[in-house]
Enquirer: 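I have a structure I would like to understand better, so I am pasting it below and will then ask my questions one at a time.
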There are 2 protein chains.
Amino acid sequence: MGLSKTEIFTEEQNRMAGFAKALAHPARIAIIEHLFKINACICGDLVNEIGLAQPTISQHLKELKKIGIIQGTVEGTSVCYCINPEKWKEVESLFNTFLKRDFEIADQCC
Amino acid sequence: MGLSKTEIFTEEQNRMAGFAKALAHPARIAIIEHLFKINACICGDLVNEIGLAQPTISQHLKELKKIGIIQGTVEGTSVCYCINPEKWKEVESLFNTFLKRDFEIADQCC
DNA sequence: TCTTTGTATTGCAATATTACAATAAATAAA
DNA sequence: TTTATTTATTGTAATATTGCAATACAAAGA
């Protein structure tokens with residue numbers, strides 16, 4: 001199939017999986033890290049920074065933009081990208097809730 | 001292609017992406033949540049809990065096991081699954097470092 | 001031993017992802 | 001207007017993912 005049965009899961013579960021998917025590629029991790037490091041930059045800078053072709057970077061940027069993690073502003077011929085702080089806080093909070101667990105009982109398996 | 005150029009990224013970036021990929025499906029999110037809720041259970045319980053076929057659940061379990069997030073113990077005919085606490089703490093710590101960012105300067109884009 | 005029970009594996013179909021060459025599109029500069 | 005410059009889009013090839021039916025496998029019970 002190659003397509004997940006989203007309808008049998010909760011909204012929360014699908015949202016978590018969706019954000020995780022956006023982070024599930026090293027190029028997108030690298031893009032995010034670079035944007036945090038230098039605050040904002042244009043597409044071409046990311047092409048130089050990361051070693052992938054321009055259309056590939058553009059594609060990864062599109063995906064990050066689609067889920068709202070980054071935003072792009074047209075500046076003449078170039079497009080300036082940066083992190084969307086509100087969305088990032090949302091992602092952070094969602095992951096924090098998911099990741100923070102209690103292991104008092106869970107330490108032994110079966 | 002369908003295959004990422006892992007060699008041009010750092011070990012950390014690939015690790016982050018790898019863990020994110022493991023969480024990038026609602027069924028695997030559901031499996032993890034259920035394991036945390038009831039501590040440990042057999043494959044069949046997860047098949048009933050989540051609405052997917054047994055081979056599909058088995059496949060998702062295999063992927064979570066491969067990356068080390070869960071562990072399985074054979075108990076007669078059934079296999080008991082639970083979270084691997086050490087690995088989970090590692091994932092939690094890795095994501096925390098990645099997600100926790102400073103927005104003092106980053107608030108305005110371009 | 002034969003049957004049942006529970007899980008893993010195999011094989012397959014449908015779809016998604018990754019990467020890039022070629023090209024389009026849009027603005028700036030000459 | 002013509003020519004860069006920069007980014008997005010399109011098309012395509014290779015591979016990966018998702019899901020399940022069929023089946024294999026392994027241990028327990030009759």
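Every chain is numbered from 1 and lettered A, B, ... according to where its sequence line falls, protein lines coming before strand lines. Everything quoted here is computed from the prediction, not taken from an experiment.
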Enquirer: Mark yes or no for a side-chain to base donor-acceptor pair under 3.5 Å between Q59(B) and dA8(C), with no hydrogen or angle criteria applied.
Expert: no

Enquirer: Return no unless some side-chain N or O of Y81(A) is found under 4.0 Å from OP1 or OP2 of dT6(D).
Expert: no

Enquirer: Expressed in angstrom and rounded to an integer, what is the separation of I50(B) atom CD1 from dT7(C) atom C1'?
Expert: 15 Å

Enquirer: Tell me whether the count of non-hydrogen atoms from other residues, nucleotides or ligands lying under 6.0 Å of CD in E11(A) goes above 12.
Expert: no

Enquirer: So, does K21(B) get its side chain near the phosphate of dT17(C), meaning an N or O under 4.0 Å from OP1 or OP2?
Expert: no

Enquirer: Tell me: NZ of K5(B) to C1' of dT15(D), nearest whole Å?
Expert: 15 Å

Enquirer: In whole angstrom, what separates H60(B)'s NE2 from dT17(D)'s C1'?
Expert: 9 Å

Enquirer: Identify which nucleotide among dG19(D), dC20(C), dG6(C) has an atom closest to any side-chain atom of P55(A), counting heavy atoms from C-beta outward.
Expert: dC20(C)

Enquirer: Between atom CD1 in I57(B) and atom P in dT17(D), what is the gap in whole Å?
Expert: 17 Å

Enquirer: Rounded to whole angstrom units, what separation is found between the CD atom of Q54(A) and the P atom of dT6(D)?
Expert: 11 Å

Enquirer: Which comes earlier along DNA chain C counting from the 5' end, the contact point of R28(A) or that of L3(A), where each point is its nearest nucleotide?
Expert: L3(A)

Enquirer: Once the angle between the rings of F9(A) and H25(B) is folded into 0 to 90°, is it parallel (under 30°), tilted (30 to 60°) or perpendicular (over 60°)?
Expert: perpendicular

Enquirer: Between the side chain of S58(A) and the main-chain N/O of Q54(A), is any donor-acceptor distance below 3.5 Å?
Expert: no

Enquirer: Below 4.5 Å, heavy atoms only, C-beta onward: do H34(A) and L46(A) meet side chain to side chain?
Expert: yes

Enquirer: Would you jot down, in residue-number order, the residues of residues 7-19 of chain A having a non-hydrogen atom under 4.0 Å from DNA chain D?
Expert: none

Enquirer: Whole angstrom is fine here: how far is it from NE2 in H25(A) over to C1' in dC20(C)?
Expert: 13 Å

Enquirer: Could you check whether L61(B) gets within reach of a base, just the sugar-phosphate, or nothing at all, counting any heavy atom under 4.0 Å?
Expert: nothing

Enquirer: Between S58(B) and dA8(C), is there a contact of a side-chain N or O with OP1 or OP2 at under 4.0 Å?
Expert: yes

Enquirer: Which one, dA8(C), dG6(C), dG19(D), comes nearest to the side chain of L52(B)?
Expert: dG19(D)

Enquirer: Work out which heavy atom in W88(B) is nearest to a heavy atom in L99(A); give both atom names and the distance.
Expert: NE1-O, 2.9 Å

Enquirer: Closest-nucleotide mapping onto DNA chain D: is S4(A) or K65(A) further toward the 5' terminus? I mean the 5' end.
Expert: K65(A)

Enquirer: To the nearest angstrom, how far is K62(B) atom NZ from dT17(D) atom P?
Expert: 12 Å

Enquirer: Check this for me: does any side-chain nitrogen of one of K66(A) and E63(A) sit under 4.0 Å from a carboxylate oxygen of the other?
Expert: no

Enquirer: Salt bridge check, E92(A) against K89(A): does any charged N sit closer than 4.0 Å to a carboxylate O?
Expert: no

Enquirer: Between C43(A) and A24(B), name the one whose nearest nucleotide on DNA chain D is closer to the 5' end.
Expert: C43(A)

Enquirer: Tell me whether the OP1 or OP2 atom of dC20(C) has a side-chain N or O from T56(A) closer than 4.0 Å.
Expert: yes

Enquirer: Quick check: do V79(B) and T73(B) have side-chain heavy atoms less than 4.5 Å from each other?
Expert: no

Enquirer: Between dA28(C) atom P and E75(A) atom CD, what is the distance in whole Å?
Expert: 11 Å

